[in-house]
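Residue indices begin at 1 and follow the sequence shown.
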Amino acid sequence: MGQAQWEWPMTDCQENHCERVALLRPIPYETTVLEGSEAGRGEGRALSLNISSGGMLLLMEQALEIDQVLKVYVPTPISLAETPTLAEVRWTRRLPFGRGAGAGPYLVGLKFMF
C-alpha cells in the first residue's frame, strides 16, 4: 500500500472550524434517491467523529455520492431523543487500511441543510 493513498489535497479553507466538538456516537441515517442514479433509498449507521453548527464528520463503511442528501438522526442531550436533520455530503475520503480496493472505511463530511 503506497503512501499516495494518505496524500489528500490540502486546501486553504476560510471556514471557521474552531467550533467543532468531538462527538463519538453511532448515528442512524437514511439515504435519499439520487436523480439519474441507480442508488436507491436505504438506511444505515455511521460513527460520528465531530459536529459543529454547520455539519458533522462521519466514519462510514461505504462511500456516498457528493451532494447526496441524507436524513441523519443527531443525538440530543436527552439520551433517548434524536433529532432528524437533513445533511448534504460535501466530501468523502477512503481510509487506506480497508478490506480491499474500494472497500471502506470512509470519512464523510456532511453539511447541514437549513
Taking every heavy atom of Leu58 against every heavy atom of Ser48, the minimum-distance pair comes out as CD2-CA, 3.7 Å
With sequence neighbours left out, what residues match Leu59 under side chain to side chain contact (heavy atoms under 4.5 Å, CB included)?
Leu47, Leu49, Leu95, Pro105, Leu107
Go through it in stages, so that I can follow the logic: the residues are Leu86 and Leu70, the test is side-chain contact (heavy atoms from CB on, under 4.5 Å), and I'd like the CA-CA distance, side-chain angles, deciding distance and then a yes or no.
CA-CA 6 Å; Leu86 292 179; Leu70 304 176; over 6 Å; no
Please assess Leu57 against Arg20 for the test side-chain contact (heavy atoms from CB on, under 4.5 Å), listing each intermediate value before the final yes or no.
CA-CA 10 Å; Leu57 176 62; Arg20 288 182 183 171; over 6 Å; no
The reported gap from CZ in Arg45 to OH in Tyr29 (rounded to nearest 0.5 angstrom) is 10.5 Å
Compare all side-chain heavy atoms of Leu110 with those of Val89 and state whether any distance is below 4.5 angstrom.
yes
Mind checking what makes side-chain hydrogen bond (donor to acceptor under 3.5 Å, both in side chains) contact with Arg90, not counting sequence neighbours?
Asp67, Glu88
How far does OH of Tyr106 sit from CD of Glu61, to the nearest 0.5 angstrom?
10.0 Å
Between atom CZ of Phe112 and atom OG of Ser52, what is the distance when rounded to the nearest 0.5 Å?
7.0 Å
Value rounded to 0.5 Å, distance of CG in Asn50 from CD in Glu19
10.5 Å
Return the set of residues passing side-chain hydrogen bond (donor to acceptor under 3.5 Å, both in side chains) with Glu30 (not counting sequence neighbours), or none when no residue passes.
Arg41, Tyr73
